[in-house]
Number of protein chains: 2
Amino acid sequence: MAEQLTTTSYAVLAQVAVHPWSTYELVQQRVRYFRYVWPRAESAIYREVKRLSSMGLLDGRKEHVGKRARTVYSITEKGREALREWLGAPVSPFAMDFEAMIRLFVAPLGTKEQIVSTLHQVRDDVREMLRFGGEVKQEFLDGIAVTQDQVYIRALAVDFFISLLNTVGAWTERTLAEIESWDDLSPDGKNERALEKIRELPVATPESVERTPVPPRTQLQRRRHDGRSV
Amino acid sequence: MAEQLTTTSYAVLAQVAVHPWSTYELVQQRVRYFRYVWPRAESAIYREVKRLSSMGLLDGRKEHVGKRARTVYSITEKGREALREWLGAPVSPFAMDFEAMIRLFVAPLGTKEQIVSTLHQVRDDVREMLRFGGEVKQEFLDGIAVTQDQVYIRALAVDFFISLLNTVGAWTERTLAEIESWDDLSPDGKNERALEKIRELPVATPESVERTPVPPRTQLQRRRHDGRSV
DNA sequence: GCGCCTATACTCTAAATTGGAGTAAGTAAA
DNA sequence: TTTACTTACTCCAATTTAGAGTATAGGCGC
């Protein structure tokens, strides 16, 4: 049995810290509230609670509903202590998977309809996530959220989620508008205008870039919790 | 040998489509330009080019630098065709890993210094990514980028990257300011104010949320390229 | 009171993926 | 000439995912 706790371990601990859950409920709640910041497979959660339980960080109690058994987990003092320790360790950086961006890179190989359709899907995904965000917002306003007593913390998270989605949504709209204004996907006469647009992007540029600096040797390396690079 | 192409396969194809690369260069360039939208392990890329090559989507040529061999890959017509087909398939939604958010959820278990330090790390990570974004911007303005002839497409990507980072950065700053204005991390007297703030968040709320709707059964499911759900 | 459907509550496994360790040759600088 | 770094990979154990599979519970229609 591996002893090293992963971020997924802490995510489960954090969830159980709110109050006891059965594994099934944990998975359901996870879908609802952790899906967007730390998406992991269902089976991984079932595996994780067992591990945490065997390490004494969670306390699992067998219950029965008729003949069917279920295990309800609560956090132990040792588990809470592990969380406290984790809070002081280096955090892994924000990372994302955004397939649509790769599509955009090779869009000129395909048709305008294809890339427009891809961006429509992104727009719809963002709308769906925003709908969910609105629902969570309403739950708090109605005072019926599971973590109602933690609004002062959760509000910060909802703010993040909604700001990010609005940004992605706005980008999608203006990109769609730009592409739809084109006759085709060829570069003809578009690069001039693009350079103007790129010049206006709100970010500082370095003095000059004669030689592009050597990139780091390996792929994105997340920080480990002992502070060493992996 | 599995026949199913993954998004990573297409990401590699998309990269080679620009022009031929040795695997080593591919990995280096990947770190530079794909790291932030589709981060994958180095070894996965070495595996992938071999697979794509054996499937006839890439053409690998052995070269020699002194006694040391290296393989340079270029895309085949079949590979280009595969990309074209992929462009018409459903795209997997935007997804992220954001450990700091989980930290925030359980922040009251630890100290104010801990959560402030975590947010400082996020701010620094964002700054570093923005610095990189500024560098890419400057490369295009200087006319020396590898994909200079594709500015009209790449500008859209740089726009995305910078907008997103500015949003994350701004959130980090205001969250830091909010938390630093607190005496401690207890809920005392903070929830009232938080509800006001949550009310102002720019997202529509549903009519009402009496029963929270049943969440989908499983974890985040990415769309597969044959259109079926996985 | 029976059949059907959906929800609960998991377990199991093949396949994929990751995070390194390891090997070896070229190149530059002290 | 020794050392250090870069290029150019291969290999593998351990983890993780995606999904199939198993079985009970409970509500609803008829």
Side-chain angles (χ1 to χ4, degrees), chain A residues 1-9 11-12 21-31 38-51 53 60-73 92 95 97 214-224 226 228-230, chain B residues 1-9 11-12 21-31 38-51 53 60-73 92 95 97 213-226 228-230:
Chain A
M1 58 193 85
E3 287 297 302
Q4 183 70 32
L5 294 179
T6 65
T7 300
T8 305
S9 316
V12 169
W21 305 94
S22 77
T23 325
Y24 187 81
E25 288 168 322
L26 211 53
V27 168
Q28 299 309 304
Q29 281 297 116
R30 201 166 197 293
V31 168
W38 202 258
R40 290 302 179 268
E42 237 182 69
S43 53
I45 309 304
Y46 281 98
R47 203 189 320 113
E48 201 59 47
V49 283
K50 282 188 195 167
R51 235 184 97 215
S53 185
R61 291 175 185 282
K62 277 255 147 101
E63 283 189 1
H64 282 271
V65 185
K67 268 189 201 166
R68 193 172 48 191
R70 69 171 194 166
T71 317
V72 174
Y73 290 94
S92 66
D97 277 6
V214 177
R217 187 168 179 286
T218 53
Q219 74 278 20
L220 173 64
Q221 302 205 328
R222 317 234 166 133
R223 291 190 203 102
R224 276 216 314 218
D226 52 11
R228 282 183 292 142
S229 200
V230 285
Chain B
M1 59 193 87
E3 287 298 303
Q4 182 70 31
L5 294 179
T6 65
T7 300
T8 306
S9 316
V12 169
W21 305 94
S22 78
T23 324
Y24 186 81
E25 287 169 322
L26 210 54
V27 169
Q28 299 310 304
Q29 281 297 117
R30 220 187 169 282
V31 168
W38 202 259
R40 290 302 178 269
E42 239 181 68
S43 53
I45 309 304
Y46 281 99
R47 202 191 320 113
E48 201 59 49
V49 283
K50 282 189 194 166
R51 235 184 97 216
S53 185
R61 291 174 184 283
K62 277 256 148 102
E63 284 189 2
H64 282 271
V65 184
K67 268 190 199 165
R68 193 171 48 191
R70 67 171 195 168
T71 317
V72 174
Y73 290 95
S92 66
D97 277 5
V214 177
R217 188 170 177 283
T218 53
Q219 75 277 22
L220 173 64
Q221 303 205 326
R222 316 233 165 134
R223 291 192 200 97
R224 278 214 315 213
H225 297 118
D226 52 10
R228 280 183 293 144
S229 200
V230 284

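Every value quoted in this text rests on a predicted model; they were computed, and no experiment measured them.
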Is there a side-chain contact (heavy atoms from CB on, under 4.5 Å) between B:Asp97 and A:Arg40? Walk through the geometry before answering. CA-CA 10 Å; B:Asp97 277 5; A:Arg40 290 302 179 268; 3.1 Å; yes

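Under the side-chain contact (heavy atoms from CB on, under 4.5 Å) criterion, B:Arg70 pairs with B:Ser22, B:Glu25, B:Glu63, B:Val65, B:Val72, not counting sequence neighbours. In this structure, A:Thr71 has no side chain to side chain donor-acceptor pair (under 3.5 Å) partners at least two apart in sequence or on a different chain.
At the heavy-atom level, A:Thr8 lies nowhere under 4.0 Å from the strands shown.
Rounding to whole angstrom units, CD of residue A:Glu42 and P of D:dT15 are separated by 21 Å. Put simply, OH on B:Tyr73 is 10 Å from C1' on D:dC9, counting in whole angstrom units. Between the CG atom of A:Asp97 and the P atom of D:dT17 there is a distance of 12 Å, rounded to whole Å.
At D:dT7, one or more side-chain N or O atoms of B:Tyr24 fall inside 4.0 Å of OP1 or OP2 (strictly under the cut-off). Taking side-chain N and O atoms only, B:Arg70 has no distance below 4.0 Å to OP1 or OP2 of D:dT7. Under 4.0 angstrom from either OP1 or OP2 of D:dT10 there lies at least one side-chain N or O belonging to B:Lys50.
Here the side chain of A:Ala44 is nearest to one of D:dA8, D:dT17, C:dG19, namely D:dT17. In the set C:dT11, C:dT18, C:dT17, C:dT18 carries the atom at the smallest distance from any side-chain atom of B:Ala41.
Side chain to side chain, B:Trp38 and B:Thr7 fail the donor-acceptor criterion of an N or O pair below 3.5 Å.
A:Arg68 contributes a side-chain N or O that forms a donor-acceptor pair with the base of C:dT8 under 3.5 Å. No hydrogens or angles were tested; on distance alone, a donor-acceptor pair under 3.5 Å links the side chain of A:Ser43 to the base of D:dA18.
Map B:Thr23 and B:Arg47 each onto its nearest nucleotide of DNA chain D; the residue landing nearer the 5' end is B:Thr23.
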